[in-house]
Amino acid sequence: MSLRTGLALAATAIALPVLLNRTRETIAMDARARQDAPGSFVRLRHGITHVATDGPETGEPILFIPGATLSQWVWDGLFERLAKAGYRTIRYDRYGIGFSDRPQVDYNQHLFEDQIVDLLDALGVDRPVTLVALAFGGPIAAEFAVRHPERVSRLCLMSPDGFATPLNLGLRLAMLPGVGLPLFHLIGDRALKSRLPGYSRDRRVVARIQARLSPELRYQGFKRSLLSALGNVPVHAAEYLYRFLDTCGMPVQVVWGRQDPVTPMPPEDVLRAVFSRADLRLLDRVGHLPHFERPDETAAIVLDFLRAH
């Protein structure tokens, strides 16, 4: 760390008690916050989980796993099309985001594994599910499939983390021990919002994301849980999980926009080496959220995969 950075952090630490009074998360995630939320809520072993199901109850189940910051609404545009095609879609908020609880625990793979197991059991899902995961959800889905192959029929990974995913300066500073969390409470909103223009070249898509994310940044526990998750889930090195799934023959589809600066694609030869058996769909002139930019095309791609396996 340079002398200039060290001095800046020291000055920030001195000013934090005053500044945090103006910038702290102000709304508790409780019954009042949830009163107008869509969907329903189930109490699991680590807390309350927000969930929404669509499509016929007898349809083949699909569990949508969100990314690091955007809650279950991030699947708008895709889940409706799959539900209409006869699948039972299940969307949920991970612990720490959306309208789910923020337990005082480490946000690691075991926590998210427990949440998925408990949620499927609570919903009475007694057959293998398809996991559709976005970005940060990729390593979570992959590890769950490795540890519970009997509960997973196939995976669709969209822009998956795990290939040295870049973090901006604000997030890197927030990962510093000691001062990271107080600093993130101060600069976190700005750091997270500064990433949004990279989600799409379509300004309407960016505006749509910002309008949905901004209110959620006010809920207590969001930043604490996010930093813990980023420090415990292998967002920079999940290739070993993907290679294992590839070796054991789990059906996998990868959908990735070639112009994704949020979770940039690794070199194509690396991608094809890791996912040697996967159905790779690399989309030109598409960013981080293919189903936001090209909903019909993306849904057709996923449906092709579902019907082929």
Side-chain angles (χ1 to χ4, degrees), residues 22-57 59 61-84 87-105 107 111-112 114-116 118-125 132-137 140 185 188-190 192-193 195-196 199-200 204-226 228-229 289 291-292 295:
R22 302 178 185 175
T23 60
R24 63 187 178 188
E25 299 158 337
T26 58
I27 304 175
M29 181 48 62
D30 54 19
R32 183 176 180 180
R34 296 181 173 117
Q35 63 184 355
D36 296 322
S40 59
F41 297 89
V42 291
R43 184 175 293 277
L44 308 178
R45 79 179 93 168
H46 298 292
I48 293 173
T49 291
H50 180 216
V51 61
T53 61
D54 294 272
E57 291 189 7
I62 300 175
L63 182 70
F64 291 88
I65 302 177
T69 57
L70 309 183
S71 54
Q72 62 177 261
W73 53 262
V74 75
W75 297 112
D76 290 357
L78 179 59
F79 84 89
E80 305 97 325
R81 288 166 169 81
L82 301 189
K84 186 177 180 180
Y87 294 90
R88 184 189 184 197
T89 64
I90 305 167
R91 294 167 292 136
Y92 75 105
D93 292 334
R94 283 188 303 94
Y95 290 127
I97 66 172
F99 291 103
S100 288
D101 274 351
R102 288 95 159 100
Q104 293 279 353
V105 296
Y107 285 71
L111 176 71
F112 300 134
D114 286 349
Q115 187 180 23
I116 294 174
D118 294 349
L119 179 61
L120 294 177
D121 289 346
L123 295 177
V125 179
V132 178
L134 173 67
F136 179 86
I140 294 173
H185 276 292
D189 287 6
R190 180 179 298 178
L192 293 171
K193 290 179 181 178
R195 301 172 75 242
L196 298 185
Y199 277 73
S200 175
R204 294 169 298 178
V205 170
V206 174
R208 177 181 168 193
I209 296 169
Q210 182 162 349
R212 297 297 297 269
L213 174 64
S214 294
E216 297 185 9
L217 298 178
R218 300 176 296 168
Y219 292 117
Q220 295 171 6
F222 180 93
K223 296 179 180 67
R224 170 182 54 81
S225 62
L226 175 58
S228 179
L289 301 175
H291 57 292
F292 270 33

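Quick caveat, the model's predicted, so the values are computed rather than measured.
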Mind checking what makes side chain to side chain donor-acceptor pair (under 3.5 Å) contact with T49, not counting sequence neighbours? Q115

For S214, all residues meeting side chain to side chain contact (heavy atoms under 4.5 Å, CB included), sequence neighbours excluded: K193, Q210

According to salt bridge (Lys or Arg N to Asp or Glu O under 4.0 Å), does anything in residues 32-48 pair up with another residue at least two apart or in another chain? List the pairs. R34-D101, R45-D114, R45-D118

Are the charged groups of K84 and D54 less than 4.0 angstrom apart, N to O? no

Is it true that a side-chain atom of R224 and a backbone atom of G96 form a donor plus acceptor pair closer than 3.5 Å? no

Any heavy-atom pair between the side chains of P66 and L134 that's under 4.5 Å? no

Locate the shortest heavy-atom distance separating P61 from I90; write the atom from each residue and the value. CB-CD1, 4.5 Å

Salt bridge (Lys or Arg N to Asp or Glu O under 4.0 Å) partners of R81, counting only residues at least two apart: D296

Name all residues meeting the side chain to side chain contact (heavy atoms under 4.5 Å, CB included) criterion together with A207; count only those two or more places apart in sequence or in a different chain, and write none if there are none. none

For Y107, what residues pass the ring pair (Phe, Tyr, Trp, His ring centres under 6.0 Å) criterion, not counting sequence neighbours? none

Report the residues that fulfil ring pair (Phe, Tyr, Trp, His ring centres under 6.0 Å) with F136, sequence neighbours left out, ordered by chain and then residue number. none

I65 versus G137, closest heavy-atom pair with distance: CG2-CA, 3.8 Å

Which residues satisfy the side chain to side chain donor-acceptor pair (under 3.5 Å) test with S71, sequence neighbours excluded? W73, E216

By ring pair (Phe, Tyr, Trp, His ring centres under 6.0 Å) - contacts of H50 (at least two apart): F41, F99

When rounded to the nearest 0.5 Å, the distance separating CZ of R88 from CG of L123 is 5.5 Å

With sequence neighbours left out, write down each residue that passes side chain to side chain donor-acceptor pair (under 3.5 Å) with S200, or none if nothing qualifies. E293

For E25 and Q220, work out which heavy atoms get closest and say how close. OE1-CA, 3.4 Å

So, using side chain to side chain donor-acceptor pair (under 3.5 Å) as the criterion, who are the partners of D76 when residues are at least two apart? none

